[in-house]
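A short worksheet on the structure shown next.
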Amino acid sequence: MHSVLCWFSRDLRLADHPALYHALHSGLPVIPVYLHAQHEEAPWAPGAASRWWLHHSLSALMHDLERINSRLVIRQGDSLAQLLSLVRETGAVQVVWNRRYEPHLQQRDQQVATALQQYGVAVHQFNATVWFAPGTLCKADGEPYRVFTPFWKRCLQTGLARPCLPRPASLLAPSHWPDSLELAALDLLPRQPWDQGLKASWTPGEAGAWHRLHDFLKEPVKHYAQGRDYPAQPGTARLSAHLHFGEISPGQIHAACQPLLDQGAAHSGIESFIRELGWREFAHHILHHFPRTPQLPLYPKFADFPWADCDDPALTRWQQGQTGIPLVDAGMRELWHTGWMHNRVRMICASFLTKNLKIHWRCGARWFWDTLVDADLASNTLGWQWTAGCGADAAPFFRVFNPVLQGQRFDPKGEYVTRFVPELRTIPLKYRHQPWQYTAGSSPALLSEPALPPYPPPMVDLRHSREQVLRDWKTLGGDT
DNA sequence: TTTACGTTACT
DNA sequence: GTAACGTAA
């Protein structure tokens, strides 16, 4: 019997899902499919934290599909081989999916589409992930934007409002369901129970995404322009992982914000918030036009910068949150325990690794890739190159964040650092972001409570390492 | 989406 | 002594 395969990947939702909507309106039975093909995603297959999220998001999707008279068929192996096999098993005449924009997956999808069409199956691909399909916005001279602000102006001019497709009330089921793996067979969950902190922090899935968004729009959005800078506060939406897995779309978020946008200046926080989604958009745009940036600097002159490699033992101390710099350690421990880090703290931790420790930004990007629940190739690459100074950044200066000043400014009560670095509780507030100033001249017994491990001294001198890297920077050539 | 330093003004 | 500001990097 004829049917349509709807291939899910990073669009794990039912509402505003163009491929599913298309399948539904074909009038044919719809077979939702998830294909697990980690080897095709290499070298950027999901890390451990991402796999945890993926498991729970798939679980939520399966549940949601069951409520509309459907199922999720799970398979593992080469995507094309699995799709062809499913086509033969089900008599499907169409395969539909929403595009992924990672360069190596776009290639794969193109090959899959071509092979399916040669086999006589119709293929339809859609955009469900970003406002503008990467590659569609260019400067007047035809070159891609490399600076965020003009790119974002162009996006705003072109328009962000999108009609959101409805959630299907029910799907037409096939007369026979093809075999499916159990979700557990994908082996996405950790074997060691290190996911307590993740469980306590997140609710993967479409419902969880909307819950987050509504909580955010109730109050924090009003103060977002400033509130987003204070990592101790719930000032951000924390939607990054939900967006990465496609549990909610930028268009849906924009539509949910429309009433606030219409109110204008009273809710200026909303514009800053939408602008942050613009950075996500920009990241996809940059990755599309510069597909080698996960590995190479956007501006080639940085290829020779004397960064240390990932075998540097200092990398381990940074990963473990044992650098002796409170704000950096708090961030790295927040990442390890919750699978997420506040964006300002990401910039500070990344600056510390690439500037003060002079370790290659790729080592940091890889660690974030393995530990973030929101690990996204486009956003992660852009963020790391931006902080390392070799990527898309309009600032005409070499930026070195000072984690002491940043702490005093954005965590003035030390709430964030003591939350994740409890050893600092006994340090007076005045020294909480620079405990080495306090310990100097005082007895070691005052350093920490007996029950807590000792807090290490700073692994580098902030001032000296800053001056050193600024000297290195000066030796780089002038243009791009 | 920054920092550090010099100048100035004021205590 | 130090806060506030302008400016270079």
Side-chain angles (χ1 to χ4, degrees), chain A residues 145-153 155-156 220-221 223-233 235-238 240 268-283 286 298-299 301-302 305 325 327-328 331 340-358 361 364 368 374 378-412 416 430 433-434 437 458 460-480:
Chain A
Y145 290 94
R146 295 186 194 218
V147 179
F148 174 72
T149 305
F151 170 81
W152 185 234
K153 272 190 191 154
C155 292
L156 290 172
V221 67
H223 325 287
Y224 181 79
Q226 290 81 36
R228 72 196 183 90
D229 277 330
Y230 293 81
Q233 304 305 130
T236 65
R238 302 191 181 224
S240 49
S268 67
I270 199 76
E271 282 168 23
S272 318
F273 173 57
I274 299 290
R275 186 183 161 92
E276 291 306 303
L277 296 177
W279 277 96
R280 178 179 178 276
E281 199 78 10
F282 186 52
I286 291 284
L298 177 65
Y299 293 100
K301 73 167 173 176
F302 295 94
F305 193 81
I325 311 292
L327 191 51
V328 173
W340 185 85
M341 197 196 301
H342 187 280
N343 187 55
R344 173 156 292 279
V345 188
R346 289 188 200 200
M347 296 189 286
I348 294 159
C349 289
S351 166
F352 182 76
L353 184 79
T354 57
K355 309 289 172 66
N356 299 99
L357 297 182
K358 252 178 75 178
W361 59 270
F368 273 29
D374 65 31
S379 298
N380 198 45
T381 301
L382 181 88
W384 275 95
Q385 289 218 26
W386 183 88
T387 355
C390 60
D393 181 6
F397 47 78
F398 188 57
R399 188 191 335 254
V400 182
F401 284 73
N402 181 327
V404 176
L405 291 178
Q406 289 283 315
Q408 289 166 344
R409 194 178 306 163
F410 297 117
D411 186 31
Y416 177 76
K430 186 179 172 195
H433 291 288
Q434 40 181 349
Q437 296 284 4
V460 287
D461 180 75
L462 292 175
R463 185 192 175 105
H464 178 258
S465 55
R466 173 179 197 275
E467 287 167 356
Q468 176 64 51
V469 76
L470 284 173
R471 277 196 293 277
D472 293 335
W473 172 266
K474 276 195 180 154
T475 66
L476 288 172
D479 51 79
T480 64

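A note on names: the letters A, B, ... follow the listed sequences, proteins ahead of strands, and every chain is numbered from 1.
Rounded to whole angstrom, the span from the CH2 atom of A:W473 across to the C1' atom of B:dA4 amounts to 17 Å. With rounding to whole Å, A:R280 atom CZ is found 19 Å from B:dT1 atom C1'. Rounded to whole Å, atom P of B:dA4 lies 9 Å from atom CD of A:E467. Atom OH of A:Y230 and atom P of B:dT1 are 16 Å apart (whole Å). In this structure, CG of A:L382 is placed 12 Å from C1' of B:dT1, rounded to the nearest angstrom. Atom CZ in A:F410 sits about 8 Å away from atom C1' in B:dT1, given to the nearest Å. Rounded to whole Å, atom P of B:dT3 lies 12 Å from atom CG of A:L470. Atom-to-atom, CE of A:M347 to P of B:dT3 comes out at 10 Å; the value is rounded to the nearest Å.
Both tests hold for A:K355 against A:F398: distance to the six-membered ring centre under 6.0 Å, angle to the ring axis within 45°.
Proximity of A:Q406 to the phosphate of B:dT3: a side-chain N or O atom is located under 4.0 Å from OP1 or OP2. Phosphate proximity of B:dC5 to A:R466: absent, as no side-chain N or O sits under 4.0 Å from OP1 or OP2. The phosphate of B:dA4 has OP1 or OP2 within less than 4.0 Å of a side-chain N or O from A:N402. Between A:R409 and B:dT1 there is no side-chain polar atom (N or O) within less than 4.0 angstrom of OP1 or OP2.
For A:F151 and A:W279, the gap between ring centers reaches or exceeds 6.0 Å.
Contacts of A:R346 with the nucleic acid, taken as non-hydrogen atoms under 4.0 Å apart, are absent. Contacts of A:F401 with the nucleic acid, taken as non-hydrogen atoms under 4.0 Å apart, involve only primed sugar atoms and P, OP1 or OP2. At the heavy-atom level, A:L405 lies under 4.0 Å from the strands shown only through sugar-phosphate atoms. A:W279 comes within contact range of at least one nucleobase, with a heavy-atom separation under 4.0 Å.
Using cut-offs of 30° and 60° for the angle between ring planes, the A:Y224 and A:F273 rings count as perpendicular.
Using a distance-only test at 3.5 Å, with no hydrogens or angles considered, a donor-acceptor pair links the side chain of A:T387 to the main chain of A:G383.
A salt bridge is absent between A:R280 and A:E276; no separation between the charged side-chain nitrogens and carboxylate oxygens falls under 4.0 Å.
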